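Just follow the structure's listing: the first ligand is 1, and inside any ligand the first atom is 1. Note that the coordinates shown come from a computational prediction; the quantities given were computed from them, not determined experimentally. Excluded from the calculations below are hydrogen atoms, water molecules and symmetry mates; all remaining heavy atoms, backbone and side chain alike, are included.
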Amino acid sequence: MGFFDVHAHLTDKRLAAMESDVLDRARAAGVTTIISNGLNPLDNQRVADLAARAPDLVKPAFGLYPVDAVLADMLAMGVEYQRDDEPVPDPDESVQWVADHVDEAFAVGEIGLDHYWVPAELWDQQEAIFRRLVRIAMDADKPIIIHTRKAEKRTLDVLLDMGATRVNWHCFGSKVKLAQRIAAAGHWMSIPANARRSESFTKMLRVLPREKILLETDCPYLGPDKGELNEPMNIARTAAYAAELWETDIDGVKAQLESNFHDLFRCRP
Ligand SMILES: [Zn+2]
């Protein structure tokens, strides 16, 4: 049995610069599967290339980050948004990229709704793009990895309306009560590597049905120690924390997580 990181950004420049070390450290920590999530066509292509270099360990998720989905319009409106000096994605081309490559994807993600960065004038447009991506995933029978911020209820409404069942919510930031509703609806939740210093993720580990829990790092963000660059190897630390909270041993945690992974992704890590 191994560990798996269902939401990582290995193509982030800081991690990509030391790719083989990051992957070696993950292997040494017992990580057997890392789902690297793409943000836009350029990043999706990097994810595909990386997965081809390390097919035993890295599985590709292709998506369109909810801010990138409407970034061109945000910038045209004069909204301030900090990002790398890279081309601004074209929404239609970005959706088409996912449609063209969905068969090679392990999952579709990250996709979703973001009402934190995106102004209200663009919410409908963002949702229309999200719905197209959910449809592409469902038609190809691929699991979906959700990013949402300040739009959790609306995201759930869209997914339930469309009948999406194979869904993992990454780094859920709203009320634990809503997380429980989402788990009761049959979706999964991945808990990030900063769980030990987060009251909300600690509570989620305690109260969510254990069969609906997965682990992620969201690396390079959200490390176990503040300000430290996060890596997939840190999954082992969250698993150790889950073992404490669940009053079981690490093998018990591994067995539970492996079974959950199989239920959502329909394959053994
Ligand atoms: Zn992410």
Holding to salt bridge (charged side-chain N to carboxylate O under 4.0 Å, His left out), I want the full list of residues that pass it with Asp56, two or more places apart in sequence or in another chain.
Arg27
Would you say Asn230's side chain and Tyr221's backbone share a donor-acceptor pair under 3.5 angstrom?
yes
Gap separating the CG atom of Asp263 from the NZ atom of Lys212, nearest 0.5 angstrom
7.0 Å
Shell of protein N/O/S atoms around the Zn ion (ligand 1), taken as anything under 2.8 Å
His7 NE2, His9 NE2, Glu110 OE2
Answer yes or no: is there a donor N or O on one side and an acceptor on the other, between the side chain of Arg206 and the main chain of Leu245, under 3.5 Å?
no
Take the angle between the ring planes of Trp123 and His115 and call it parallel below 30°, perpendicular above 60°, tilted in between.
parallel
Asp139/Arg135 ion pair, N-O < 4.0 Å:
yes
